[in-house]
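Notes to accompany the following structure.
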Amino acid sequence: MADILVIGEQRRGVLSPVVAETVSVAKELAAAKGGKVLVAILASKPSDFTPQLSLAGVDEIIEVALASEEFQSDLFEATVLKLIEERKPGVVLLPHSIDSLGYAPSLVVKGNFGFATDVFGISYDGDDLVATRQAYQEKVRAEVDFPGKSTVLLTVRAGSFKPPEETASPSVTSFAAPAAEAHTRHIAFHDPEASGGVDLTAAEYILSIGRGVGEEDNVGQFEELAGTIGFTLGCSRPIADSGWLPKYRQVGQSGKTVSSCKVYIAMGISGSVQHLAGMKHVPNIIAINKDPEASIFSAARYGVVGDMFEVAKELKAQLG
Ligand code: FAD
């Protein structure tokens, strides 16, 4: 059976957490249909990432040294295309990211590969690969298959798979990147917003509020509560979009993934897939929602069907 190739991504020397998550699903696919799991890391010093990529399920790490320190789309496109031509994988998995969106579409056109983006489920139906993604403005789940394609390229949504916990000792090889004409160049990173010292990705205890908070004037009391009980305040996207809290406090697909969180209190948050993408891996999720049918309860370890203002008052009285 053909191999599965995972493309590693890094930024400013930090490996994207989606790479390890993607290894998990690659491992499942290999277990189902055979083939080896290959992980290619494209970076100026790829060997820096080899220890982190030596995960259970990885058979081979392919180090690809690039001239460019940071992501460069023409270089990635040419290199991944050459890798696919030489190694002939059946499935190629990329993190779904701003970087992969910069080169994956033109790559699949050049290679005539099957393609689906922002995938959060991958399986086989008989011998056919099936990718699950959302469609119609996230209203429905679509199962996509790829008739007649011997190579399929998928970009994988962050937070969809649990990374392997165990390490391994895969073989390490190197691959020469082809020469490619670069039409863009990296100049500098601009952080859109100073984070005021708040780093949700490092916070262990987070209290997040959603649209259930009602209006901007109500936000302050939850900020105060979070401070009182020693939690970092987070929020769902509508709260950040309204400007009630800064963007760096947003949890979810287009916000932060709360990688270090141990306890996550979700108040007045419905539990959309986009929000869950940033927090559903947290071992202790406590959901407070007045709607007993809210999806957040399916991800929660503990749930309170009730009014978030009442619960906040009680929490403050008990713990404040
Ligand atoms: P709602 O869905 O409106 O839910 C509010 C909840 O509050 C309801 O369940 C209600 O029962 C409850 N409630 C109301 N009053 C009370 C009360 N007094 N006490 C208790 N409960 C109460 N969303 C994110 O959060 N993060 C993202 O990163 C993100 N990225 C996205 C990316 C894309 C491409 C798209 C299309 C969407 C994205 N979204 C994201 C938006 C997402 O689809 C949802 O719209 C959003 O998560 C809903 O936020 P919410 O749960 O706060 O609001």
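We count residues from 1, following the sequence as given. Values reported hereafter were calculated over all heavy atoms of this structure, with side chains retained and with hydrogens, waters and symmetry mates removed. Both counts, for ligands and for their atoms, begin at 1 and track the order of listing.
In Glu69, the CD atom is not crowded: 12 or fewer heavy atoms of neighbouring residues, nucleotides or ligands sit closer than 6.0 Å.
Close contacts between ligand 1 and Gly306 involve ligand atoms 19 (N), 20 (C) [criterion: under 4.0 Å to a heavy atom]. The distance from ligand 1 to the heavy atoms of Gly252 drops below 4.0 Å at these ligand atoms: 26 (N), 27 (C), 28 (O).
No side-chain donor-acceptor contact under 3.5 Å links Asp145 to the backbone of Pro147. Panel note: side chain Ser260, backbone Thr201; a donor-acceptor pair is recorded below 3.5 Å. With hydrogens and angles ignored, the 3.5 Å screen pairs a side-chain donor or acceptor of Ser259 with a backbone N or O of Thr257.
Side chain to side chain, Glu77 and Ser106 meet the donor-acceptor criterion of an N or O pair below 3.5 Å.
In this structure, Ala277 has no heavy atom closer than 4.0 Å to ligand 1.
Considering backbone and side-chain atoms together, Pro238 places no N or O closer than 3.5 Å to any N or O of ligand 1. Residue Met308 has at least one N or O atom closer than 3.5 Å to an N or O atom of ligand 1. Residue Val251 has at least one nitrogen or oxygen atom sitting less than 3.5 Å from a nitrogen or oxygen atom of ligand 1, judged on distance alone. Looking at Gly268 next to ligand 1, an N or O pair under 3.5 Å apart turns up.
Criterion: ILVMFWY side-chain heavy atoms under 4.5 Å apart, direct or through other members. Under it, Leu53 and Val58 are part of a common hydrophobic cluster.
If you look at Ser236 next to ligand 1, the close heavy atoms, those under 4.0 Å, come from the backbone and the side chain alike. Contacts with ligand 1 closer than 4.0 Å are made by side-chain heavy atoms of Gln250 only, the backbone lying farther away.
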